[in-house]
Every structure is written in structure tokens, then in C-alpha cells.
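The first residue of the sequence shown is numbered 1, and numbering continues consecutively from there. Numbering of ligands and ligand atoms starts at 1, following listing order.
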Amino acid sequence: MENFRHQMVLQQIQNRGIKDKNIIYAMRTVPRHLFVNDDLQSEAYNDGPLPIGFDQTISQPYIVAFMTEVLKVEQRHSVLEIGTGCGYQSAVLSLLAKHVISLERIKELAESAQYRLKKLGYTNVDVINANGWNGYKQNAPYDRIIVTAGAKTIPKPLINQLANGGIMVIPVGKIMFSQTLRIISKDSNGNVNKEISLPVRFVQLVNK
Ligand code: SAH
């Protein structure tokens, strides 16, 4: 599996322009095949998303790398993720950040992701079974916020919970499975700037 993983990183990640060596290291390390069901393990290093049950998916490796690179995560950062799914993106982030809080609305997925992450040694991730539309006030503000489901509009509470100097990445689109990534940054005075990036296809972010 390690060989397949190294191939994946070279062909799908590095050859498409991801340069950050910490992200490359993280994706060479995290055992993606252990984040999917046994019967899909042989496909875990393919160039696409895979089903994880409950009509949800594990994201395409390149999209995980791209969104992570956009965030410019540093070792001192606290990160909020909305949409844990199987926990793969959380594991990648956990190797780059100080602490990751990840919210997942489907109880079974939240519980299995938390169990998997602890078992694999990603001890700085807390998965919380909650709807993430309103973020998670308890630990706000966050240096970085990543939403891994497609939102119709950008949830205001998430912008409020982004620290000054913070960066957020979120897929936004009115049509199902068709969004563009938005990169939202706050400067040191709290002024918000928005940019449009890649077109993507995420499952829907369920409204509160
Ligand atoms: N981050 C995952 C991909 C997750 S797929 C990875 O690493 O592969 C999107 C997930 O978002 C699904 O598990 C879905 O249940 C969850 N989700 C959708 N709307 C949500 C909401 N409002 N709050 C929390 N989780 C949500």
C-alpha cells in the first residue's frame, strides 16, 4: 500500500503543482486505505472520491491537498473543519496544526472517525457530532477553517469565528455537486477578503 500511496503523491499531488513539503510529507504518511471500508481498500489511492456510506464520500486526494495548501497551516494553528466524514482530511491537518476540531452531523460517521483517528495516533483531533453550520463557538476564534461540503451560501457564524489573520476555504454553489472553492481571509484588522478558486464537486452542506 505504501508504494501505491507514494505513487499517488507523485502523480496526483506533486505533478499537479502542490509544492508544500509538509503537505507532501503528510499525504505520503497518512494511510488513506484505512479510512475506507475493507472492500474499497484497493481503490484508496485512485484519483477520485470514494463512498463511505450514508451517501457521503472521502474526497479526492488532490482536492484534499489543494484545500490544505490554500490554508497555509502552521504548527501553532488551531483549525476548525466542518464535515469530518471518515476523518482523512482531519488526519492530514492534524500533522500540520496544533489542534483540529472537526464537526460531523452524522453520528455514526463522527464516532467511527474519532475512533479511527485515535487508533492511528492522531491524538490532536477532536471530532464532535454536531451540525457545523453555526461553527463551534466554544473554541473560537480559529486560525483556519475548512468546510468539506458544498454550501449554498457562506455561513456567517463561520466568518465570525475566523481569527484576524485567518484563512477559510469553502466550496460554494447553488446547484448540488457543483461549487467553486472560495478562499476567505481576514487581515489583522478583521477586514474580510474573498477570492474564487477551483470548481469542485462536494456533497451538500446541510443547513441547520
Ligand atoms: N472531510 C472528508 C469529506 C467529507 S464529505 C474527507 O476527509 O474525505 C462531507 C461530510 O460533511 C459528510 O460526512 C456529511 O455528513 C458532512 N456534513 C454535511 N453537512 C454538514 C453540516 N452542516 N455539519 C456537519 N457535517 C456536515
Side-chain angles (χ1 to χ4, degrees), residues 5 8 12-13 23 26-27 29-37 40-41 43-71 73 79-97 100-117 120 122 125-139 142 144-159 161 168-173 176-179 181 200-208:
R5 188 159 63 247
M8 169 195 90
Q12 300 172 33
I13 309 295
I23 296 174
M27 295 196 63
T29 310
V30 178
R32 183 172 162 93
H33 62 286
L34 300 182
F35 288 76
V36 297
N37 260 345
L40 288 176
Q41 285 198 359
E43 296 175 50
Y45 297 102
N46 291 359
D47 191 10
L50 289 171
I52 56 168
F54 306 92
D55 286 333
Q56 306 302 327
T57 55
I58 177 172
S59 302
Q60 181 188 9
Y62 174 67
I63 293 298
V64 171
F66 184 85
M67 289 172 83
T68 308
E69 190 167 67
V70 160
L71 285 180
V73 181
V79 181
L80 176 68
E81 178 186 31
I82 312 298
T84 319
C86 62
Y88 177 71
Q89 171 80 71
S90 329
V92 170
L93 289 167
S94 82
L95 293 176
L96 308 170
V100 180
I101 291 187
S102 187
L103 305 185
E104 170 55 56
R105 59 179 284 276
I106 299 175
K107 187 162 185 268
E108 289 87 345
L109 289 176
E111 283 173 357
S112 64
Q114 181 72 84
Y115 175 78
R116 174 184 294 118
L117 288 161
L120 294 173
Y122 303 106
V125 185
D126 287 312
V127 180
I128 293 162
N129 176 214
N131 189 306
W133 216 90
N134 285 329
Y136 191 69
K137 260 203 191 131
Q138 286 87 327
N139 291 57
Y142 302 94
R144 301 291 186 258
I145 299 179
I146 177 170
V147 181
T148 60
K152 288 206 172 116
T153 57
I154 301 171
K156 285 242 164 59
L158 296 183
I159 295 187
Q161 290 172 27
M168 163 161 130
V169 62
I170 176 171
V172 179
M176 275 245 250
F177 296 108
S178 167
Q179 304 96 12
L181 286 181
V200 286
R201 297 169 62 82
F202 273 91
V203 297
Q204 202 190 347
L205 179 76
V206 175
N207 271 25
K208 237 204 141 73

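Remark: minimum distance from atom 8 (O) of ligand 1 to any protein heavy atom is reached at S59 N, 2.9 Å. Remark: minimum distance from atom 23 (N) of ligand 1 to any protein heavy atom is reached at G132 N, 2.7 Å. Remark: minimum distance from atom 9 (C) of ligand 1 to any protein heavy atom is reached at T148 O, 3.3 Å. Protein heavy atom closest to atom 19 (N) of ligand 1, with residue, atom name and distance, is V206 N, 2.9 Å. For atom 12 (C) of ligand 1, the closest non-hydrogen atom of the protein is Q56 OE1, 3.2 Å. Looking only at heavy atoms of the protein, atom 16 (C) of ligand 1 is closest to E104 OE1, 3.4 Å. Among protein heavy atoms, atom 25 (N) of ligand 1 sits closest to R105 N, 3.3 Å. Among all protein heavy atoms, the one lying closest to atom 7 (O) of ligand 1 is Q89 N, 2.8 Å.
Taking 4.5 Å as the limit, every side-chain heavy atom of I13 sits out of range of all side-chain heavy atoms of F66. P155 places none of its side-chain heavy atoms less than 4.5 Å from the side chain of N134. The shortest side-chain heavy-atom distance between E111 and E104 does not fall under the 4.5 Å cut-off. No side-chain heavy atom of L181 sits less than 4.5 Å from a side-chain heavy atom of V70. Contact of the L103 side chain with the L80 side chain is registered, since non-hydrogen atoms from C-beta on lie closer than 4.5 Å.
In this structure, R32 satisfies the cation-pi test against Y88, with its NZ or CZ atom closer than 6.0 Å to the six-membered ring centre and inside 45 degrees of the ring normal.
Close N/O approach between N131 and ligand 1 is found [any backbone or side-chain N/O within under 3.5 Å]. Note: no N/O pair closer than 3.5 Å links I52 and ligand 1 by distance alone.
Side chain of Y136 to main chain of I82: no donor-acceptor pair is present (N/O by atom type, distance under 3.5 Å, no hydrogens or angles). Within the 3.5 Å criterion, the main-chain N or O of G85 finds no donor-acceptor partner in the side chain of Q56. At distances below 3.5 Å, at least one donor-acceptor pair connects side-chain atoms of Q179 with backbone N or O atoms of F202. When atom types are taken as modelled, the side chain of S90 and the backbone of T84 share no donor-acceptor pair closer than 3.5 angstrom.
When heavy-atom distances to ligand 1 are checked against a 4.0 Å cut-off, P49 has no atom that comes that close, whether in backbone or side chain. Contacts of Q204 with ligand 1, taken as heavy-atom pairs under 4.0 Å, involve the backbone alone. Residue contacts with ligand 1, taken as heavy atom pairs separated by less than 4.0 Å, involve V203 solely via side-chain atoms from C-beta onward. The proximity of I106 to ligand 1, defined as any non-hydrogen pair under 4.0 Å, is limited to the side chain. The proximity of L109 to ligand 1, defined as any non-hydrogen pair under 4.0 Å, is limited to the side chain.
Other residues, nucleotides and ligands contribute more than 12 heavy atoms inside 6.0 Å of the CZ atom of R116.
Listed by number with element, the atoms of ligand 1 under 4.0 angstrom from any heavy atom of A130 are 23 (N), 24 (C). Under a 4.0 Å criterion applied to the non-hydrogen atoms of E81, ligand 1 contributes the atoms 1 (N). Interface of I58 with ligand 1, defined as ligand atoms under 4.0 Å from a residue heavy atom, comprises 8 (O). Ligand 1 places these atoms under 4.0 Å from at least one heavy atom of L103: 24 (C), 25 (N). Under a 4.0 Å criterion applied to the non-hydrogen atoms of Y88, ligand 1 contributes the atoms 7 (O).
When only modelled atom types and interatomic distance are considered, T68 and Q89 share a side-chain donor-acceptor pair under 3.5 Å.
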